[in-house]
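What follows is a single structure, written as structure tokens, with notes after it.
Lettering follows sequence order; numbering is per chain, from 1.
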Amino acid sequence: MREEVQFFVSRSLQGIVVIWGIITAVFMFRFISPTNPARLIAPDDASEELVRAIEIDLGLNDPILIQYVSYLTGVVQGDLGFSYSTNTPVRGRIIQVLPATLELAFAALIFAVIVSIPLGIISATHRGTKIDSVANLTSLGGVSTPNFWLAIMLVLLISVQLGLLPTSGRPIGLGEGIRMLIFQANIGGLTTWLSHMILPTIALGTYFMALLFRLTRNGVLEELGKEYVLAARGKGLPNPLIMYRYVLRNSLTPVVTVTGLQLGGLIGGSVVVEAVFAWPGIGRLFITSLNLSDWPMMQGVLIIVGVGYVVTNIFVDYINSSLNPQVELA
Amino acid sequence: MEVQVLMSESTNSSRSTDIPSTTIEEIDLDTLVRVDNLCKYYEDDRGLIDWALSRDPEKVRAVDGVSFEIKRGETLGVVGESGCGKSTLARTIMGLHQPTEGTVLFAGKNVAEQVKSDRKRFARRAQIVFQDPSSCLDPRLTLREIVREPLDIHKVGPKPHRNERVEELIERVGLATDQLDRYPSELSGGQRQRIGIARALALDPELLLLDEPTSALDVSVQAQILNLLQEIQEEYNLSYLFISHDLSVIRYLSDRVMVMYLGKIVEIAPSEVIFEEPAHPYTEILLSSTPSKKANIDGKQVRNADIPSPRNPPRGCRFHTRCPVVVPPDNHNVEFEQDEWLAVFDYKLRLRSGRLDTNKLTELVELQDNKTENQTNIKEVVRETCGIPQTLSDSTAEEVLDDSLSALADGDTETALECIAVDFESPCEKQNPPVMHISEGHHSACLRTENE
Amino acid sequence: MTKPIIKVRNLKTRFFTEMGQVNAVDGISFDINQGEVLSVVGESGSGKSVTGLSLMDLIDSPGQITDGEIWFHHPDLAAERGAADDAVDGEFVNLRSLHQKARRSLCGTELGMIFQDPGSAFHPALTVGEQIGEAVESRRRIARGEDYDVKEMLLDLCSLRSSFVSDESYDEAIGLLEQVDIPDPIDRADEYPHEFSGGMLQRAMVAQALASDPAVLIADEPTTGLDVTIQAGIIDLLRELQADTGMSIFLITHNIGVVSSIADRVAIMYGGKFLELGPTDRVFEKPANPYTEGLLNCLPDPTDATNIIEPIHGNVPSLLDHEMPAGCSYADRCPAVTEECTETNPSLQPTPETANHLVACIHAETAESTTTFPVATTTPSVLSDGGASADE
Amino acid sequence: MISKRTRTAVLKELHSNKLATVGTALILCMLFVGMFAPVLAPHDPTQQDNSQTHQPPAFMGGETETTRLVDGEMQTVTEDNSGSLTHPLGTDTNGRDVLSRAIYGARTSLLVALTAMMASLILGTSVGMTAGYFGGKTDTILMRFVDVVLAFPALLITLAMIGVIGPLTFFIPDPFVTSGLITDRPTHMVFPVTITAAIAAVIWVWIARVARSEAIRVKNEEYVTAARTMGRSNFGIIRKHVLPNSITPILVLATIQVASIIIIESSLSFLGFAGTNLSWGYDIAQGRDYLGTSWWLSTIPGLFIVIAVVGINLFGDLLRDALDPGIDRGEV
């Protein structure tokens, strides 16, 4: 227990350093970008004086250090500033769109894990057979296909040609779907949600699935060659037990690590997938803000994603060290 | 603290012994290397949390106050088990590590300073041959490039001359020159070790440090390398510092032998003396544990199979946790038979290391199917696990022990330890054994030696 | 009178690698007697470890046992299968013709193995107690005839708390740790392999092998990589255990000193073959094969200051099929080599003085004998089979 | 840098592994196509022809009925909808040749991928080597910086950097056109500077991580210690021993990262931040609106991407298998 507290404290300290770096980097982005936010906020026909006034109001004429400190203190207090384009708090907007992206990312993650790990194990234990080669080729295709193109192809085949699933949009969230089910006994909300989820999930999760498949397969193959697996056979342990207790455990370490690292990749990938499916998530918000040069909004998104990444990684390390006691905590 | 003790001891005894003192003028021309009170501690990196709690990093006392010298043309064998600091010693002498304390003088000059000011010049005087033949050669270079590397770095002569020299060296170590364009991976372990030796010889050094050069090799190949080393020593008039854990190899090559245990020298003497009349119990055990084709392993053995970590070495004599002849308490209150004493001493060590407490004792009792876990039962179980007889032959000792056991059975480990702290204290625990002169060139650090 | 517990006849194990076929074990025959320590000595790449793994049936692809028989003394199994079975010969059962499952179940019950590097033979993420407990548990389950298949595994997977190892098995594991002199076995059982020192871990390895209560213990370099004081402890431990349980030990090592301290009989292995086999004292005092002699001359002696070592020239031979010589594999390093040596492959023959001292060298004096390894059996068909192939 | 042994290892692997041969062939094809785009493309990829819009690929045949405005009233017209060899892969909304555009798209992708890769290789290797070899504070500071960059998804950070820098492009005269060998083709190649810089700014971090761990592995090898005892300087050791012995995994990673760069590049151009309209991603985005009628507009450039990336991934696998460090260190 003490070890665990120590681990989390020390990793959080490191994480705070990284998060501070993230905030600084994000601040620098805005600072060096050539656009003048005052002009964005001001009406098109605004006078120079008005622009000046807005600049002063935004604190853009303060020395950089003061701007930095005030931004930093704002972020620490949970205040991500106001959007240049809508003049509403950034935090509220992000909270509003975050569930859409998280739903998508987690669905893709679950899809990838559920398909890839069993497939990886089967492929490794049937090395050199047809199953193995087919799985390998599929995974090669999976890592080589850009997700936006896959998304379009899915729409083309399943929505346009077969007319099975809706092409785009997210008319209802998971939370609301559940609420409808509970309070109105109406499953319609959930099915609508599900039908809109399927294509984006596959589009986003395929690359990840292929990647995890390769890792699992390699990991299991590597473990199978270890001497302790031989020793386990030597002491007469039954095969399923060896697979589960000896082989799978250690081969999952890289899988867990990459899963953690790639959560960021999933969010990044959702930028494009959201664009294809008109999914109202963080990615779309980011692109819209980018087109409008709405820096506070972009900064907010980047900070949220970065912090999420750092926190996930701490947990990934924790899971890994409990899977593998040789990796000492702290 | 400990270091100072040893220093004063070594200077005190310098009248009667030839353990070198720290004065530089005394150096005679015969001495090539002189090591004075050398200490090398490693520190773990301080993490953020250590820094936040201002905790001091743990020190690993790899080499802790070692003094000796190597004469020109002689082979000093260093023997010891893993963790005794023999490799660190070699690397510190080579100037690869800065000593934490003490000095290494090479031909009268401080190595640490020499290395700082002119690494290259020092490199021409001392070279090292490594243990692992698979890691000591760069796999990307051909044998020619490997052996030529020192010549290239030091720009010895023009290029054609260097190539000639490489061929000469390769032939000297017993390889054919047509192998020069091969890569290390194409060679066997013994051949790689020969290349390692050729490379070390390239700069014509005076001292060769041999860090377990044969321990990864097969016996038939080991014999080849040992003979090669012997031949080139004569030919090039080299001094060797020969490190090994294998006593038979040490005896074959060394003029003098130094036995190390947990960073300290326990005994140093001419080869025959160490092997015929070892003074230190550790040396004796090493000798009796080394199996050979003629002698079976028999005789004395260590009490405890675990070598303590140099991170936290035992106080006093570092060998006391494993020594089969730990000196009994000298306070005349109690008297022991040696067997009983060792059992009681074991009990004390276990108690101190926290390996006996009530929880564990209860489990122990349960495991032995004694369902009633009363005091007597616990006491009996403890006696049994530590091998202490039901009653000690000395009645005072029995009383003291019984008090301690009762306290332990009540769950009070501290009192249990206090009870026996004074009466059952071996001098080996409290006192750092001084280096004793036994005969010409024979020194040993054991309290028994003093007593005899 | 010594009775064999394992009779190996003409065992061949091959590895089919990219570089070619490796004849790791190239037709060896020997007996392991009940309650003896038989040691195989050889330099690296002589095939001694593969011999041990072959006995345990732990040869993995690309390796394969291609030929030979391994007769194991197991009256119960032999009776169960009946004398008519091809795999049965008196009280002996041929392990190679057993079904894989039956074969495997012998590993946890009759045959135990100690691996060379305990650091890699223990799973790093499971406590030592658990791993030994598993061995105990699997022996018990085999004894009870229970099966552990995918269904049980899935149940285990679903409930993280359930364990394969029962409490009794775990306690027995602690007992085993105590038996191999590990201090504080209760605590140590709960520790992970990396918290053990090398010597302690090797003791735990011995405990794990003892968990199956084996009739034959195969010890593959059990002391290599350990410090001498610790090595001495392990050898003592093996000697004691052998005296207590009466099991046979098949000790694989490269350390001749270790052999002379513990082995009753010794086999000298070189290039996948046995060059000499006999009582330890006899072999070391009067080696009949030049290789044995050369090997002994290579060893520096710590008890003798005047000894001079004579290295064997050249290197350990390759086991690649296409690089192996037609004749004696030691011919190119042998000081007494003649032309004949490079042509004929010698087989193990008894020396004239001692019948159980066998040597494979065409220059050694041997007693006349047709079958070196008569299979003492009731079924003549097996006799001719086993006997003839041993002489090939 | 490439020794004889490496070459034979690669050739051997190439010989024994069919997939690797396919991958190598694909890579060579792509390089060839990218390099000789003006010669290979049947049409000017930018030339619009309103009479030839939405032509299907040559392998499509048949007629379709469409309803459209003819002479002021709605009529159902039967149109000849078979492809022709003039435009083997059809034409887009503006009558531009899809094949020519795909060929020129390969050129853009290659240009970006190779430049970004070289830049990150140099930066990543030097930072990683320095951090790994010297360790200590240098290492901590550099690696914390790397952590910060890693904390952002690659696509988000490249997008943000595009926002910072703005779309910069650089025009390189096309040697085939300037030399007068070919006419009727765009006279300049468009090199999207911003995208390249932004991608390199993310990718180098991965290289640095691998370079660092390799440097740490190699510096603990005994031959490095040996070189130190011989008096070689730190720089000399890095150049002579550490770099050559750690370059293999770095190169393998770099190869595989080229694939990711191509995907990132196409994603960016898909989102409309390309800086050039001669790009696969751009074409896919353009074709999206006509999925129902002209499916090939999005499909064909996508296939090109997949084929290119499969080729690179296969080649990366080949390199990894052939140059496996295990074999390198003399283990069987």
Side-chain donor-acceptor contact under 3.5 Å, D:Thr229 with B:Arg91: no
When B:Ile128, B:Asp132, B:Asp118 are compared by non-hydrogen pairs under 4.5 Å with chain D, the top option: B:Asp132
Against chain B, label D:Thr225 side chain, backbone, both or neither, depending on which of its atoms sit under 4.5 Å from a heavy atom there. both
Side chain, backbone, both or neither: which part of B:Ile153 has a non-hydrogen atom closer than 4.5 Å to chain D? side chain
One should read off an interatomic distance between D:Ile237 CD1 and B:Asp138 CG, to the nearest 0.5 angstrom, of 11.0 Å
Is it the case that more than 12 heavy atoms not belonging to D:Phe134 sit under 6.0 Å from its CZ atom? yes
I'd like to check D:Met230 versus B:Lys120 (side-chain heavy atoms, cut-off strictly below 4.5 Å). Are they in contact? no
Side chain, backbone, both or neither: which part of B:Arg121 has an atom under 4.5 Å from a heavy atom of chain D? neither
Quick one, D:Lys240 with B:Glu149, criterion salt bridge (Lys or Arg N to Asp or Glu O under 4.0 Å). Give me CA distance, side-chain angles, the key distance, then yes/no. CA-CA 10 Å; D:Lys240 192 83 186 169; B:Glu149 188 180 4; over 6 Å; no
Interatomic distance, CD@D:Glu222 vs SG@B:Cys136, rounded to 0.5 Å, equals 6.0 Å
What is the minimum heavy-atom distance between B:Ala123 and D:Gly231, and which atoms define it? CB-N, 4.1 Å
Taking the side chain as everything from C-beta on, heavy atoms only, tell me whether B:Arg140 gets closer than 4.5 Å to D:His241. no
